[in-house]
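Chain letters run A, B, ... following the sequence lines, proteins first, then strands; residues in each count from 1.
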There are 2 protein chains.
Amino acid sequence: MSQRVTLQTIADKVGVSRTTVSNAWSRPDQLSDEVRIRILKVADELGYGGPNPAARGLRRGRADAIGLLLTETLQYAFGDPHAAELLRGVAAAIEKADTGLLIVPLPPQRGIGEALRSAVIDGCLMYSMPTGHPAVDALRHRQIPLVTIDGPRLEGVPFVGIDDRGASRELAELVFSYGHRDVLVLSIRIVDDLHDGPIDEQRLDAGVYRNAVERVRGTFEAADAAGVPRDGIRLYEVSRNHRDRAQEVVAAALASERPPTAVIALSDELAAGALAAATASGLRPGTDITIVGFDDQDAAAHLDLTTVRQSAYDKGYQAAAQLVGAAPVGDLVLPHQLVRRGTVGPVRT
Amino acid sequence: MSQRVTLQTIADKVGVSRTTVSNAWSRPDQLSDEVRIRILKVADELGYGGPNPAARGLRRGRADAIGLLLTETLQYAFGDPHAAELLRGVAAAIEKADTGLLIVPLPPQRGIGEALRSAVIDGCLMYSMPTGHPAVDALRHRQIPLVTIDGPRLEGVPFVGIDDRGASRELAELVFSYGHRDVLVLSIRIVDDLHDGPIDEQRLDAGVYRNAVERVRGTFEAADAAGVPRDGIRLYEVSRNHRDRAQEVVAAALASERPPTAVIALSDELAAGALAAATASGLRPGTDITIVGFDDQDAAAHLDLTTVRQSAYDKGYQAAAQLVGAAPVGDLVLPHQLVRRGTVGPVRT
DNA sequence: TATGGTGACTGTATCGATCAAGTAGATCGC
DNA sequence: GCGATCTACTTGATCGATACAGTCACCATA
């Protein structure tokens, strides 16, 4: 009596075969109403909760769920506006397809973890994972469809994102066109080691976050094209995409001997910190100092921030659509747009 | 050659048993290094991606994942600050436990859907589901641990939330103590039919969203205790927790023959709409009109809104902790706190 | 009356792994 | 020198369902 209830239990009691009982749920048209109702009644009496999902999944070879792997600790990801917007897009796609979304935490020690090993999924999204992360390798080994968002770019794995390099080039061109020759570039995380500080070419070459590296390279390209000497560009990596840290860094730079006349922040969040630092120093953005961002998240308009618009929602939607078969599979470079607002101006002499 | 690679494939090639191959992953201490390395090498050559999660899950009887069922369309849920904060809490708990989080979409037609039927999970959170939803029943039938957050209250299912009734009573008491006798109560969704408009007791009795019903009842209790006649209280249900709609409703009320002197909004989002409407009518909150909210989400402080503080993060964390075995299982009523700010004042004569 | 079609089920193989129990051979203790 | 213990495996059963190929009764058609 304490045995678990399975299809067989019900089959025995009703006097039909296991298969018929199975059909009562999965293919109701395969049996007579009379038998089906009798089966459901007995199932209810026995407290049977419907076909076991694990067994079902094993036999059918599908999970009706896709996975999502994120760089960040999940706690942080759910707080980040860009990630939240991406999730909205993913949600829209899976909702349509009646497919679950399994969010898989990664252990802090950069391993793989039981959660990923046990993840019953038909495919997996990877959002801004660092190149060479063991979890990425583990997933590639599994023979399920994958899509990366923002990075990394992997052979044979569709990529969804924007032309980060081109976008940042446009952004930097704008800044240089106003005559700025002394620029602080605030980069989002490039290497996966929580390092915070000025960085050199060597570190850039060792970068694992594709979009960060691309944005920095785009900035350099614009500098070269505009004939800006490299020593006029100070590159600073902020390991955590948070405005407070950016504010400290910019405040320090402004208090230095040779303060920059412009700050190119490679995310709006960092730009917000830069703006706060500038304002605190009595500088008017767009007049006394030029500050630009990247992403055009909601707050950017309020801050009157010049930035690059990209749609996190679309990235999420398109990537997930590929996995649920709602969109053709393959690389997808989404559009971006330079949004000119008030925080850019000529060098103040 | 095109056959799928399984443990058996590898076992045959290496010349050991299936189980030994299995052990190479699951219990590395059970076999000699020499054999294990040989197995892993062959596995790699054959492109084996590790033990099949579905089969593993079936045999082991666990999924290393918990589910999350939400009222809303997911798209909306990821945009809602309170839900996002809750997710952060959930994320913190599952991250610690190395457990996945499966977010299950519900089909728009109030059914169950393949995603839920196939959900391979060890337990499930339900966040503010309406009483009597078929998905709730389906989950209860399944013999896995459940926890409801905010509602419904189900026999034998632990509940995590706050004392919504007591909290709203305190909130209303404050308002009535300032002499308000003509109050508009803006309620979040009570019944699951997208109805928008004034509501009566009968509809309240038929309410399916526990926290909404409780908050309204608490308000009534405070009114009774303060000797406020029931016809001095206009109850209006806003089906979608969005400020724009609240603004319209409050604007209309303020333009009516007998405008309310206070608005009790049962969420901060609705309160934000009420504030916007008041300001647009030239009324100064706290001076010309009293407005209170509920939740104390981030925006509330900026709006100087008097409200009730509760921690969505804690709700999520505690509920998830119960499912992953990190906290004792059982009902948990978390603390709340009346936060007095500037939007409350005496009736202006 | 033979033939074929159809609806409603049954029986068996299979999905891919894990677990419990068992075994062969080596090592150890007294 | 003999049983006890240990290591490194193997075997067989099991998890719970679904796919597929029959089987059988029943009816229609020629």
Side-chain angles (χ1 to χ4, degrees), chain A residues 2-39 42-43 46-64 114 117-122 141-144, chain B residues 3-40 42-43 46-64 114 117-122 141-144:
Chain A
S2 67
Q3 283 284 54
R4 207 167 356 172
V5 183
T6 75
L7 285 187
Q8 188 66 65
T9 321
I10 299 168
D12 292 347
K13 188 133 182 187
V14 176
V16 293
S17 79
R18 201 158 71 255
T19 304
T20 300
V21 178
S22 170
N23 284 334
W25 276 272
S26 319
R27 315 160 78 180
D29 55 314
Q30 298 288 305
L31 47 100
S32 63
D33 283 358
E34 190 253 329
V35 174
R36 202 193 51 227
I37 288 167
R38 200 143 50 92
I39 289 172
V42 171
L46 295 175
Y48 179 71
N52 177 309
R56 199 173 138 78
L58 171 60
R59 180 66 244 233
R60 299 200 317 163
R62 48 182 294 201
D64 292 323
E114 220 36 30
R117 244 190 292 278
S118 302
V120 185
I121 49 179
D122 298 323
H141 256 98
R142 235 158 118 175
Q143 303 293 4
I144 55 177
Chain B
Q3 283 284 54
R4 206 164 0 169
V5 183
T6 74
L7 286 187
Q8 189 67 65
T9 320
I10 298 169
D12 292 347
K13 187 133 183 185
V14 177
V16 293
S17 78
R18 184 164 89 255
T19 302
T20 300
V21 179
S22 171
N23 285 336
W25 276 273
S26 319
R27 315 161 78 180
D29 54 313
Q30 297 290 304
L31 41 89
S32 64
D33 284 357
E34 190 252 327
V35 174
R36 202 193 51 225
I37 287 166
R38 201 142 47 91
I39 288 173
L40 294 178
V42 171
L46 294 174
Y48 179 72
N52 177 309
R56 196 173 141 82
L58 171 61
R59 179 69 245 228
R60 299 201 315 163
R62 47 182 295 201
D64 292 323
E114 214 47 23
R117 244 192 292 277
S118 302
V120 185
I121 48 180
D122 297 323
H141 257 97
R142 234 157 118 173
Q143 304 293 6
I144 55 176

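B/Leu7 and B/Arg18 make their closest contact through CD1-O, 4.0 Å (heavy atoms, listed as atom of the first residue, atom of the second, distance). Of all heavy-atom pairs spanning B/Ala63 and A/Ser118, the tightest one is O-CB, 3.6 Å. Minimum heavy-atom separation, B/Ala54 to A/Gly57: CB-C, 4.3 Å. Residues B/Ala24 and B/Leu31 share a closest heavy-atom pair of N-CD2, 3.5 Å.
Using a 4.5 Å cut-off on side-chain heavy atoms (C-beta onward), A/Asn52 and A/Thr6 make no contact. Side-chain atoms of B/Val35 and B/Thr20, non-hydrogen and from C-beta on, do get closer than 4.5 Å to each other. Residues A/Tyr48 and A/Val42 have side chains not in contact (no heavy-atom distance under 4.5 Å, counting atoms from C-beta outward).
For the pair B/Ala54 and A/Asp29, both in contact range of DNA chain C, the more 5′-proximal nearest nucleotide belongs to A/Asp29. Along DNA chain D, the nucleotide nearest B/Leu31 and the nucleotide nearest A/Gly50 are compared for position; the residue whose nucleotide lies closer to the 5' end is B/Leu31.
For the pair B/Glu114 CD and D/dA17 C1', the interatomic distance rounds to 14 Å; values are reported in whole Å. Taking atom CD1 on A/Ile10 and atom P on D/dT18, their separation rounds to 11 Å, with Å as the unit. Taking atom CZ of residue B/Arg117 and atom P of nucleotide D/dA17, one finds them 14 Å apart after rounding to whole Å. Distance B/Gln30 CD to D/dT7 P: 10 Å, rounded to the nearest Å. If you take CZ of A/Arg56 and P of C/dG16, they are 18 Å apart, rounded to a whole angstrom. Protein atom CZ of B/Arg36 is 15 Å distant from nucleotide atom C1' of D/dT7, rounded to whole Å. A/Asn23 has its CG atom 15 Å from the P atom of C/dG7, to the nearest Å. Taking atom CD of A/Glu34 as the reference point, atom P of C/dA8 lies 11 Å away to the nearest angstrom.
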Report each atom pair, protein N/O against N/O of nucleotides 19-28 of chain C, whose distance is under 3.5 angstrom.
| residue | atom | partner | partner atom | Å |
| --- | --- | --- | --- | --- |
| C/dC19 | N4 | B/Thr19 | OG1 | 2.9 |

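To the nearest 0.5 Å, atom CZ of residue A/Arg36 and atom CG of residue A/Asp29 are 9.5 Å apart. Expressed to the nearest 0.5 Å, how far CG of B/Leu40 lies from CG of B/Asp33 amounts to 10.5 Å.
Recorded end-axis angle for the helix from C/dT1-D/dA30 to C/dC30-D/dG1 stands at 40°, based on five pairs per end and rounded to 10 degrees.
Side-chain nitrogen and oxygen atoms of B/Tyr48 include at least one within less than 4.0 Å of the OP1 or OP2 phosphate oxygen of C/dA17. The phosphate of D/dT10 (OP1 or OP2) has a side-chain N or O of B/Ser17 nearer than 4.0 angstrom. Contact between the side-chain N/O atoms of B/Thr20 and the OP1/OP2 oxygens of D/dT10 is found at a separation under 4.0 Å.
At the heavy-atom level, B/Leu58 lies under 4.0 Å from base atoms of the strands shown.
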